2 protein chains.
Amino acid sequence: MALRHAVLAALLDGEYSGYQLAKAFDIGVANFWHALPQQLYAELTKLEKEGLIAGRQVVQETRPNKRLFQVTKAGRAELEDFAAAVSKPSSIRDDLLVKVQVADRVGTASVIGQLEERASAAEGKIELLGALLRQLRGDVDEEEFLRHGERIGPYLTCLRGLSFEQEHRDWCLRIASVLKERSALKERSVLKERKSTRAER
Amino acid sequence: MALRHAVLAALLDGEYSGYQLAKAFDIGVANFWHALPQQLYAELTKLEKEGLIAGRQVVQETRPNKRLFQVTKAGRAELEDFAAAVSKPSSIRDDLLVKVQVADRVGTASVIGQLEERASAAEGKIELLGALLRQLRGDVDEEEFLRHGERIGPYLTCLRGLSFEQEHRDWCLRIASVLKERSALKERSVLKERKSTRAER
DNA sequence: TGTGACTAATCAAATTCTTGAGTAGTGGAG
DNA sequence: CTCCACTACTCAAGAATTTGATTAGTCACA
């Protein structure tokens with residue numbers, strides 16, 4: 001039941017249409033809750049039906065019309081309740097880790113490639129998040145901002161996203177290099193074996 | 001489609017029953033793929049039907065009978081294919097981050113409590129993972145083990161789990177202290193205001 | 001002599017998430 | 001002038017995940 005609350009949380013920062021929300025999700029909220037546009041539209045419809053958000057039509061000339069949504073009082077109350085309720089534990093869910101788990105039993109080459117790809121994707125996200133953080137805090141330094149800024153929620157979650165991506169990148173690079181070294185060692189020992197086999201004949 | 005591969009990966013380390021698998025999942029595989037027992041039983045049934053694992057009945061005297069499963073050749077091949085295929089990006093999915101996102105707009109007290117609970121849960125997991133890592137590597141040091149150990153897959157994924165939990169703990173504590181300081185500041189300014197209001201009368 | 005915890009599973013239902021396609025107009029690049 | 005990308009949204013099918021019970025014997029503890 002957290003998608004609805006993630007949507008409410010995102011709408012707290014301003015009016016959005018489904019389409020805009022999908023974009024905003026990708027950079028901000030996706031740090032802790034990923035969702036496809038279809039889900040967002042569906043959730044917005046449900047939330048409106050339940051009176052937790054209110055939508056208004058905006059007629060546009062050169063673009064299709066859109067509906068902007070904002071959180072109602074009931075929506076705010078719902079968020080309050082949610083914040084007070086117990087949360088379930090967080091966890092990683094990652095294909096690539098499954099592959100690493102079996103990396104010493106199956107072909108390694110492809111996994112190494114994927115680790116490096118992942119590392120560079122993480123790098124990209126790190127830069128993005130860094131820029132977002134600078135933008136959110138303005139000219140003041142972090143300590144100051146965290147003490148006195150008015151809207152620190154998104155900043156705090158971005159910090160978590162950033163550290164996650166950094167750890168992820170570092171781990172990917174470390175593991176890639178470990179697997180590479182091991183396959184190089186194996187290669188060498190295979191060559192040696194061939195050589196000695198030849199010598200025996 | 002990664003649960004099936006996570007199960008195959010886990011079974012690579014030995015024969016397990018559904019029940020044992022559920023336990024093993026909790027400490028090892030759950031680091032990158034969490035699943036409930038019901039899911040595991042269902043998946044084992046499917047995998048057996050498809051010939052990717054083979055089960056054998058073990059009759060027990062004092063305990064209910066159980067079925068132990070091991071990966072077949074076809075299962076190994078399936079894992080190979082999986083390891084070679086592209087993976088989808090990883091991400092955090094966490095209730096608590098949704099709450100932090102709105103922490104400056106709703107009641108903070110409960111969120112602070114939850115952050116501290118989470119931190120101590122993470123602490124517990126850190127110790128568990130540390131012990132697991134020591135056990136996996138035996139007496140040799142990490143560098144040595146990663147270079148020459150035969151089964152490093154689980155070690156590598158535990159390393160990821162460990163760094164995730166450490167970051168998670170640190171972040172929770174940091175955020176909790178930020179939110180506490182802010183609410184203390186607010187408290188003080190409210191008191192001051194009351195005082196000056198009283199003085200005015 | 002109950003009480004609760006552990007082993008070993010299975011069933012059903014509801015909910016959530018993913019995959020994939022489709023509509024329809026605008027505006028820019030080559 | 002065609003093709004592609006962008007805005008804005010919808011529909012449906014399916015797979016995956018969660019929630020919540022239920023069965024049934026064993027064992028330790030008080």
Side-chain angles (χ1 to χ4, degrees), chain A residues 1-7 15-26 29-30 32-50 53 55-69 82 85-95 98, chain B residues 1-8 15-27 29-30 32-50 53 55-69 82 85-95 98:
Chain A
M1 289 289 264
L3 175 57
R4 65 190 307 101
H5 301 110
V7 168
E15 268 187 329
Y16 289 104
S17 69
Y19 189 81
Q20 293 169 317
L21 192 60
K23 303 255 148 176
F25 243 67
D26 257 3
V29 180
F32 52 89
W33 209 277
H34 171 260
L36 297 164
Q38 293 98 308
Q39 267 178 286
L40 297 178
Y41 282 114
E43 202 61 50
L44 285 170
T45 305
K46 266 202 256 169
L47 284 168
E48 194 183 20
K49 211 172 282 168
E50 292 172 39
I53 61 175
R56 62 185 180 91
Q57 184 86 6
V58 173
V59 179
Q60 297 183 116
E61 308 247 301
T62 79
R63 297 269 147 222
N65 296 341
K66 62 183 175 182
R67 311 202 57 211
L68 295 182
F69 296 93
F82 170 70
V86 295
S87 7
K88 44 188 79 162
S90 79
S91 61
I92 306 181
R93 172 155 289 199
D94 191 342
D95 268 17
V98 178
Chain B
M1 290 285 266
L3 175 58
R4 62 190 307 101
H5 299 111
V7 169
L8 287 172
E15 269 187 329
Y16 289 105
S17 69
Y19 189 82
Q20 293 169 318
L21 193 60
K23 302 255 147 174
F25 243 66
D26 258 4
I27 55 163
V29 181
F32 51 90
W33 209 278
H34 172 259
L36 298 165
Q38 294 97 308
Q39 271 178 284
L40 297 178
Y41 283 113
E43 202 60 50
L44 285 170
T45 305
K46 266 202 253 169
L47 283 168
E48 194 183 20
K49 210 172 282 168
E50 293 172 38
I53 61 175
R56 62 185 182 91
Q57 184 86 7
V58 173
V59 179
Q60 297 182 115
E61 308 247 301
T62 78
R63 296 267 148 224
N65 296 343
K66 60 183 174 181
R67 309 203 59 212
L68 294 183
F69 295 94
F82 170 70
V86 295
S87 9
K88 42 189 78 161
S90 79
S91 60
I92 306 179
R93 171 157 291 201
D94 190 342
D95 267 18
V98 178

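Since this is a predicted model, take the numbers as computed values, not measurements. Convention: sequence-line order gives letters A, B, ...; per-chain numbering from 1.
Distance from the side chain of A:Q38 is smallest to D:dT10 among D:dA15, C:dT16, D:dT10. Each of C:dC17, C:dT19, D:dA21 was ranked by its minimum atom distance to the side chain of B:K88; first place goes to C:dT19. Among D:dT7, D:dA16, D:dC11, the nucleotide with an atom closest to any side-chain atom of A:P64 is D:dT7. With distances taken from any side-chain atom of A:W33 to the nucleotides D:dA16, C:dT10, C:dC17, the minimum falls on C:dC17.
Between B:M1 atom CE and D:dT17 atom P there is a gap of 11 Å when expressed in whole angstrom units. The distance from atom CD of B:E48 to atom C1' of C:dT10 is 15 Å, rounded to the nearest whole Å. The nearest whole Å value for the distance from the CG atom in A:L3 to the C1' atom in D:dT17 is 15 Å. Rounded to a whole Å, the CG atom of B:L36 is 15 Å from the C1' atom of C:dA12. Note: CD (A:E43) to P (C:dC17) measures 8 Å, nearest angstrom. Here C:dA9 presents its P atom at 12 Å from CG of B:L40, a figure rounded to the nearest Å. Regarding B:R93, its CZ atom lies at a distance of 8 Å from the C1' atom of C:dC17, rounded to whole Å. Rounding to whole angstrom units, CG of residue A:D26 and P of D:dC6 are separated by 13 Å.
Proximity of A:R63 to the phosphate of C:dA24: no side-chain N or O atom is located under 4.0 Å from OP1 or OP2. At C:dG25, none of the side-chain N or O atoms of A:T62 fall inside 4.0 Å of OP1 or OP2 (strictly under the cut-off). A close approach under 4.0 Å does not occur between any side-chain nitrogen or oxygen of B:K23 and OP1 or OP2 of C:dA9. Distances shorter than 4.0 Å separate none of the side-chain N or O atoms of B:Y41 from OP1 or OP2 on C:dT10. Contact between the side-chain N/O atoms of A:K66 and the OP1/OP2 oxygens of D:dT10 is not found at any separation under 4.0 Å. Taking 4.0 angstrom as the limit, A:R4 places none of its side-chain polar atoms (N or O) nearer than this to OP1 or OP2 of C:dT16. Side-chain nitrogen and oxygen atoms of A:Y19 include none within less than 4.0 Å of the OP1 or OP2 phosphate oxygen of D:dC9. A close approach under 4.0 Å does occur between a side-chain nitrogen or oxygen of A:Q39 and OP1 or OP2 of C:dT18.
A donor-acceptor pair under 3.5 Å is absent between the side-chain atoms of A:R67 and the main chain of A:G18, judged by distance alone. Within the 3.5 Å criterion, the main-chain N or O of B:Y19 finds a donor-acceptor partner in the side chain of B:Y41.
B:Q60 comes within contact range of the sugar-phosphate backbone alone, with a heavy-atom separation under 4.0 Å but no base atom that close. Within the 4.0 angstrom heavy-atom criterion, no nucleotide atom of any strand lies near A:Q20.
Residue A:F69 is the one, among B:H34 and A:F69, whose nearest nucleotide of DNA chain D lies closer to the 5' end (criterion: closest heavy atom). Two residues, A:E61 and A:K46, neighbour DNA chain C, and the one matched to the more 5' nucleotide by heavy-atom proximity is A:K46.
Scanning all heavy atoms of the two residues, the minimum distance from A:L68 to A:Q20 falls at CD2-OE1, 3.4 Å. Pairing each heavy atom of A:Q39 with each of A:L3, the nearest pair is NE2-CD2, 3.6 Å. Nearest heavy atoms, A:D95 versus B:V86: OD2-O, 4.5 Å.
Expressed to the nearest 0.5 Å, how far NZ of B:K88 lies from CG of A:D94 amounts to 11.0 Å.
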